[in-house]
Structure formats: C-alpha cells, structure tokens
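One structure is given here, and the rest of the page talks about it.
Proteins come first, then strands; the chains are lettered A, B, ... in the order of their sequence lines, and each starts at number 1.
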Amino acid sequence: MNITLPDGSVLAMDAGASTYDVAGKIGPRLAGAAIAGKVQADGQEIIVDLHAPLPGDCKLTILTTDDTNPDSLHVLRHSTAHVMAEAVCELFPQTKLVYGPPVEDGFYYDLDLDRSLTPDDFEKIEAVMQRIIQEDRPFVRYELPRSEALPKLEKEGNRYKLDNAERADGDMLSFYVTGESRGQGFEDLCRGPHLPRTGRIGAFKLRQVSGSHYRGDVNEKALQRLYGTAFFKPKALKEHLRQLEEARARDHRAIGRELDLFSIDPEVGSGLVLWHPKGAIVRMLLENFLKFEMLLRGYRPVYSPNIGQLNLYRRSGHYPYYRDSQFPPLYETDRGRTLLSLLQTLERVPAHAGPQRDEAFARARQLADAAVAVWGEIPGLADAETPETMITVIDRELQQEDGYLLKPMNCPHHVHIYKSQPRSYRDLPIRYFEFGNVYRYEQSGELSGMVRVRGFTQDDAHLFCTPDQLLDEMRSTIQLTLTVLDAVNLTDYRVRVGLRDPDSSKYTGSPESWDQAEEKIRAAVGESGLNATEERGEAAFYGPKIDFVVRDCIKREWQLGTIQVDYNLPERFDLTYIGRDNRPHRPIMIHRAPFGSLERFVGILIEHFAGAFPLWLAPIQVAVVTISDKSEAYAREVYDALVRAALRVEVDVSSDKIGPKKHRCRALKIPYILVIGEQEAAEGTVNVNDREGRSLGNFSLQKFVDGCLLEIATRGKKLES
RNA sequence: GCCACCGUAGCUCAGUCGGCAGAGCAGCGGUUUUGUAAACCGCAGGUCGUCGGUUCGAAUCCGACCGGUGGCUCCA
C-alpha cells in the first residue's frame, strides 16, 4: 500500500503496516517520538493507535510527543484520563466510571462515586497515577462484537458504560486494557485512540472536581467530574499552569476592586453592577466613541423605559420563550399576584415522587383553594391532579392577567417607535440606537462578576429596511463591529454564523423567512471576507445571527458583538412601510450590538488589558508626583495645565518618598507618571515615566501634553521621545 | 436551579485539640523634606456572613439560610 506523507512523498509499505512501521522506515528518532497516526482516506480523517494496521492507501501524519499539536495532546489527555480513572478505581473501588473525554486544555472523567472527592484526594490519586506511568504499561486495544460486549458490560453492572455501548456506532465495540493483555490490568470501554504506553505521559496535574449530570440531564444522577491536564514535557505543563496563574491575575473581579472600577453588593442584589466613577468613565468613553460612530452612519438615538406591558413581550415572543430567565412579572391585580405565587409554589414542588413532593403539593393546593375561595372557580383547576397539570392551568389563567415586565430586550420598544407613524420606503432604512438597560434573571450559578449579570446595558440598535437594502445594511453593520473591535485592540477574533437547527421547534416564523435570512447572512459574511464558521442550532429564536468571538491577549475566547437578521418581529408586530407601488410591505429588522453588553465588554477589556487601559480609556491618565514639597507649587501648575488640556489627572504631594508614590501609581495602572522635583521646576519640564517602570526622560510640559492628546486622538499611537 | 468547595478588619490572609481575635497592606495622627518598585513611630479598625443547635465555653462541631468561587444546565 502507498502511504502519502505530509510533504507529499509516498512510501510503499506492506499491507498491515502500522504508523509505527512507517515512522521506523523514515527514521528511528521519529519512531521513538511517534504516538499515533492521523490517517486520511476516503475523505475521512481519523486518528489511529500507533500500532494499528493502516487501512491501505492513505495520507498519514505521524503524531509525535509534540506539546503544540492539538491532535497529539488529544491522544495524550485521553490516555491520561484512563490512567486517572484507574487510579480512582484503585483508591475507591466502588467507583463507577461514566465518561472521560479530552477537552480543550485537559481532560475530565465523570465518576459515579458516593464519597465526594476533595482536593486533598488529588495527591493520593496523582501518586497512584505516577506509579502507573512509571510501570510504563501498554495500552492494548481489543474488540468484541456487540453480542459479546453488551453482556460483558451488563455483568459488570455499570449502567453508564452499557448505555454508552448501546449508543455507540458499529458492530464491534472496542476496549482498552492498560496492561499487557486482556484481563491483566485496568480496562475501559473506549473508542480510542490511545498512547502506546503509559510512560509517554510526561507531566500531568489534577485541577479540580465539580458536579455534572449523566449526559447533561439534571434529572439524572449527580456525578463528580474530575478535571486534569497533561503534557508530554513538564515544561509545557509548567507554562500552562503559569498561564492559568496569569489569567487569575487578570481576573476583572479582583482588578475591578483594586482599581475601584465597580462593585457588586449583595445588599443591592446578585448580578447587579455598581459602576464606580473610575469604571463609569471607561464605560462612558466607550459609549461616546460608539455613539459618534453610529451618528456618522445615520443611526438616530432613542430612549425607552425600563419596563413595558407584559402583553408587549407576549406579542414579541420574549416572555413566553424566556419566561424562566426573567424577573417575575409585576401583575397589576391581586388575583394575578396570587396566581403568580401559586405558580411559583407549584414550580418548587419536587419532581420526584415521595413525601416531600406530596407535602409541597398539598401546600400548593391550599393556596389554590384560597385563591378559588376569593376569586372564584378557575377552569380546569379542580381536575388538575398533579403539580404539572396545575401549572399548565395556572399558566393559562395568568395569560389573561395584565402586568408589567422589566424589559428583557429593547426591540419591542423600538418596534413601537417605528409603528408610531406610517412609514414610506423613502424613510428606510431607519436605524434606532439606545444604550438600553435590560434585566434577565440569570440562574444564580451562572452569575460571574461583570461578565454574567442580571441587569446590563446593551449597545442596542434596530435597523428597519427593505429587502433591497438588507445586504448593504448588514455589510455596514459588520464594518461597524470591526471598527469597534479594532479601536480597543481586540483584533484576534473569529466569526460564528448561528443558524437554526431544522429539527428543533424552538424557533418562531416560517421556514421560508428563515431560509431567506440565512441566505442573506451567508452572503454578507461571504462578501466581507470574514473567516466564519457556521453552527447549526446557534440562532436566536427569531432569526439567524453573526457572533463575533474574540480572543483576548491570553487566548481566551469571548462572545461579544452580535448581528441578527429578523423577519419575524416585523411579522408579529405587523410592521409595514408603503412601497413605491403604493402598497404596504413588510420591513426586515436587523438587531445588532457591537459591544454586546457594556458590563460584559468592560469586564473583558479589564482582563484583556490586565487593568492597564490604553490612554484614551484610562480612568486616570496622568499622575503628578512630587519629590518633596519644595516642588509642590510647580506640581500644581503642571496639574492645572493638564486639566485644562482635558486630561484626567491626579496629583500626589504627600510627604512620602518618590519610590512608594510611584509604586502606588503603577499599582493603579496610571499610564503616565510625572515626577516633579526642583530640577523640573527650574526647567519647566516634566519627568515622564510609564506604568511598566520605564523612564521616558524629561519633556517640556507642552510637548508632553501634545503627545498625550495625539495618543488619545489616535487611540494608541505612543508618545515618541 | 443542581453538585462541590469557601465566607475572620476596607484588601490579602493566619488562627493548632472547642478555652482572652491576630499580622501585613490600606486608613488616621505624628516624625522625616525625600530623585524613581513600598522610610519610621503611634492610633484606630471585628456581633469571625446570618440565624438556630450542641457545649460550662463555639471563629472552630452540627443544621438551615444568605453570599461567593469552580463546574453542570442555560444564555434573546
């Protein structure tokens, strides 16, 4: 058979030769470093065990102990997961293994184990893992036909593995033994591939344990998910741990406190951000920047209230669709409020049968009886025998009640501004923008600093246009988003096109309008030359979207801006414009938010810059610090001059030495620190230092100010000496 | 919402077996008048998240709740 290597050369091998054989033919060093093969044949790409016979003519990439190759790491980590599983089973024999895949930067294994693992157990597990690695046991694959494998698993009494096996493809199921042969050592149902031997695991570390559920189903048994990571070379592991440390040091929650940017106070409410002056100025500057860019592009500002009629959101679909993740409605009547309490009481009734469920349901019934006694019969309530059917009844009843909802989205309000008068095709496109505050009741476990909150401000806008204008509007929206990302130096991004999942019923609107919208999105993305991937099932419920996923300077991904095409809300709200033909037509809406949310965006920027904002965004741009109070008068002169130049300045004339003063300024990430002593006063200069600790020398005051103004105006051009 | 872990001064953290609540930084008052990564002395700062229980005695043990962190699920 002919094996084509990545450089295009072709090796003739005997049938049945393995990746190892190919590597050996190329050179002994390669054979020594090889761990698996990546095979391309018949248009498919699979990774195979090092010693597995190759399928015939194919393209082969030999995977080696290369810490920069994701495929190599994938195999390594998968195997390390097996070693960890074996160690856990050895220490805790009652463990049932569930599922242990490699993930982005490590691996995990889901375990069904009654005793909860703690970080104290990690050392013990790691010690056993280390021993298994030192034993340098082979990973040996064997296969059984389903008819043999299933009874074998059944006998082992592990329902998860049995379930995995039943759902696996193919007639043959594979197992891996960590040992010489079947029956001699730990084994696990596994698709593979694996390292040739445990000794190839160079460095690993258990990182954390957390909860999970079998197949992500919260009704399934709670499992423990034990996370770890592995590398071929200890140095790579060390580097990885250093990066995690770096990420921790950049945590916006810590920096936000240190730099006094924002706080989140439980007395105010979980997930509700208090912007302190220094955080607020960053946000304001970003808002002003975007406002300017939008006004230039024909957007018009609008403002709308923070709440709206429940019926508005019933009509838009937001309320029924996202009811669970909204703050409860403010019903206007006592009846509505009581029924809401009843509904919430019912929702807290445990799903599993038992005395707790019975008791909770009995309490709910009492409340229901009281409601009926006061407000009269509720159709269907008397027949409802389970909490679930009662919820349906009350839910239906509540749909008749009027009330208000904290707005979860701005679009319905903007839609009504559009509807406030008849529109002509000549008016279009209409572009409304608003930094709108929206509220969503995120699950408590989801809240995280500024990046996942319950109240936030969207840099929202809605564009209403004709079908002819759609593509142009999308193009310019994409350009605006790129302008925004460029301005804050988030230039490493990918674009995700979220399409509907045709098998799901969660979407609103006709398949035809979806097809149209998806086609337009594809066209706009295609034209703009963006490097985009399409993902099924990632659309919003009313339309497909383009998401900008940025990578920050330590390679973490964040979803920021979004652009959504919407044929559905115009339909639901019966939006029209009068066309050239003097007949009504349906406009198309674009929802877009380049920042996404100001909270999240600023949170991410804090981490991206590690608190060291570029000059144009820095809460304090310049610090003036004196050597001694002999120079205080000149320092104040300098301060006044900088303030007159509209720079954000602080002055420190305290009696500390210059060392600690500078230290404090640097801790606050102030871009420029001006040291003022008798020499500077005599010369009329300032001694410029940056927050990295570099001294940039002495500048005339005017030259320094000009430099700053230029750097601000260009959003980043550095001061030249 | 679920699972695990955590909650001591404004911040970072110590507090052994259940036996008087601790340090550094920040703050305040003084001394020092200083030339580039933390001068010196002093003072003040606490219902140990909250509530309940066990105990002669609880920061410490137990329970509930609140909050946080990590993950699961979710993310218009």
Taking atom P in both B:A59 and B:G7, compute the distance separating them and give it to the nearest angstrom. 15 Å
Take atom C1' in B:G10 and the same atom in B:C74, then report the distance between them in whole Å. 35 Å
Would you classify A:Y108 as touching base, sugar-phosphate or nothing, given that sugar-phosphate means primed atoms plus P, OP1 and OP2, and contacts are heavy atoms under 4.0 Å? nothing
Interatomic distance, A:N568 CG vs B:A76 P [rounded to whole Å]: 15 Å
By the 4.0 Å heavy-atom rule, please label A:E678 as base, sugar-phosphate, or nothing. base
Please report, rounded to the nearest Å, how far the P atom of B:A76 is from the CZ atom of A:R315. 23 Å
Base, sugar-phosphate, or nothing for A:P266, non-hydrogen atoms under 4.0 angstrom? sugar-phosphate
Under 4.0 Å, counting only non-hydrogen atoms across every strand here, what does A:K662 touch: a base, just sugar-phosphate, or nothing? base
Residues A:Y672 and A:D690: side-chain donor-acceptor under 3.5 angstrom: no
Using the side-chain heavy atoms of A:S210, tell me which of these nucleotides is nearest: B:C72, B:U33, B:G70. B:G70
How is A:Y542 classified with respect to the nucleic acid when contacts are heavy atoms under 4.0 Å: base, sugar-phosphate, or nothing? sugar-phosphate
Take atom CD of A:Q458 and atom C1' of B:C75, then tell me their distance rounded to the nearest Å. 12 Å
Rounded to the nearest angstrom, tell me the gap between atom CD1 in A:I627 and atom P in B:U36. 7 Å
With a non-hydrogen cut-off below 4.0 angstrom, is A:Q679 in contact with a base, only sugar-phosphate, or nothing? base
P gap between B:U54 and B:C62, integer Å: 15 Å
Could you check whether the side chain of A:S655 and the base of B:U33 have a donor-acceptor pair of N or O atoms closer than 3.5 Å, going by distance alone? no
Span that lies between the C1' atom of B:A21 and that of B:A9, in whole angstrom: 10 Å
CG of A:D265 versus P of B:G68: gap in Å, rounded? 10 Å
For A:S210 and A:Q208, test the side chains for any donor-to-acceptor distance below 3.5 angstrom and give the result as yes or no. no
Of A:Y227 and A:T562, the one whose closest nucleotide on RNA chain B sits nearer the 5' end is A:Y227
Minimum-distance nucleotide to A:A540 side chain [options: B:A76, B:A39, B:U36]: B:A76
For nucleotides B:G70 and B:C28, find the distance between their C1' atoms and express it as a whole number of Å. 39 Å
Does the ring of A:Y322 meet both stacking tests against the six-membered base ring of B:A76: centre distance under 5.5 Å and plane angle under 30°? yes
With ring centroids as reference points, do A:H416 and A:F573 lie under 6.0 angstrom apart? yes
Say you pick atom P in B:A23 and the same atom in B:G30; how far apart are they, in whole Å? 23 Å
When all nucleic acid strands are considered with a 4.0 Å heavy-atom cut-off, which category describes A:N687: base, sugar-phosphate, or nothing? base
Assign A:G659 to base, sugar-phosphate, or nothing according to its heavy-atom contacts below 4.0 angstrom with the strands shown. sugar-phosphate
What nucleotide, of B:U33, B:G67, B:C2, holds the atom closest to the side chain of A:D629? B:U33
Assign A:R452 to base, sugar-phosphate, or nothing according to its heavy-atom contacts below 4.0 angstrom with the strands shown. base
Steps toward side-chain contact (heavy atoms from CB on, under 4.5 Å) verdict (A:V625, A:C665): CA-CA 9 Å; A:V625 300; A:C665 293; 3.9 Å; yes
Could you verify whether a donor N or O on one side chain and an acceptor N or O on the other, from A:N311 and A:Y319, lie under 3.5 Å apart? no
For a quick check of understanding: with a heavy-atom distance under 4.0 Å over all strands, which category does A:Q326 fall into, base, sugar-phosphate or nothing? base
Nearest-angstrom distance from the residue atom CG of A:L206 to C1' of B:A4: 16 Å
Among B:A76, B:G70, B:G35, the nucleotide that comes nearest once only the side chain of A:S325 is considered: B:A76
With a 4.5 Å limit on heavy-atom distance, are the side chains of A:L111 and A:F92 in contact? no
For RNA chain B, what are the stems built from at least three Watson-Crick or G-U pairs in a row, each pair having both distances below 3.5 Å? B:1-7 with B:66-72, B:10-13 with B:22-25, B:27-31 with B:39-43, B:49-53 with B:61-65
Walking RNA chain B from its 5' end, the first of A:G271 and A:K545 to be reached, judged by nearest nucleotide, is A:G271
Which of B:G35, B:C74, B:U34 is nearest the side chain of A:K630? It is B:U34
If you measure only the distance, is there a donor-acceptor pair under 3.5 Å linking the side chains of A:S263 and A:D265? no
In whole Å, measure the gap between the P atoms of B:C65 and B:A58 for me. 24 Å
We want to know whether A:T508 and A:N568 form a side-chain donor-acceptor pair, criterion being a heavy-atom distance below 3.5 angstrom. no
Identify whether any heavy atom of A:R666 sits under 4.0 Å from a base atom; if not, whether one sits that close to sugar-phosphate; answer base, sugar-phosphate or nothing. base
Output yes when a side-chain donor or acceptor of A:E434 lies under 3.5 Å from a complementary backbone atom of A:S304, and no otherwise. yes
Which part of the nucleic acid does A:E680 contact within heavy-atom distance under 4.0 Å: base, sugar-phosphate only, or nothing? base
Closest of B:A76, B:G1, B:U33 to the A:S444 side chain is B:G1
Under 4.0 Å, heavy atoms only, any strand: does A:S695 hit a base, just the sugar-phosphate, or nothing? nothing
Any side-chain N or O of A:R225 under 4.0 Å from OP1/OP2 of B:C2? no
Regarding A:Q559 and A:R496, do their side chains bring together a donor and an acceptor under 3.5 Å, going by distance alone? yes
Can you check the A:Y321 OH to B:C74 P distance for me, whole Å? 11 Å
Which whole-number value in Å describes the distance from A:Q344 CD to B:G1 P? 12 Å
Sugar-phosphate only, base, or nothing, as touched by A:R664 at under 4.0 Å among non-hydrogen atoms: nothing
A:P660 has its side chain closest, among B:A39, B:U36, B:C72, to B:A39
So, is A:S628 close to the B:G35 phosphate, meaning a side-chain N or O under 4.0 Å from OP1 or OP2? no
Using the P atom as the point on both nucleotides, what is the distance between B:C66 and B:G42, in whole Å? 46 Å
Judged by modelled atom types alone, do A:N698 and A:E680 share a side-chain donor-acceptor pair under 3.5 Å? yes
Measure from the side-chain heavy atoms of A:M409 and tell me the nearest of B:C2, B:A76, B:A38. B:A76
Ranking B:G70, B:U32, B:A39 by distance to the side chain of A:D656, first place goes to B:A39
Ignoring hydrogens and geometry beyond distance, is a side-chain donor-acceptor pair present between A:T229 and A:D105 at under 3.5 Å? no
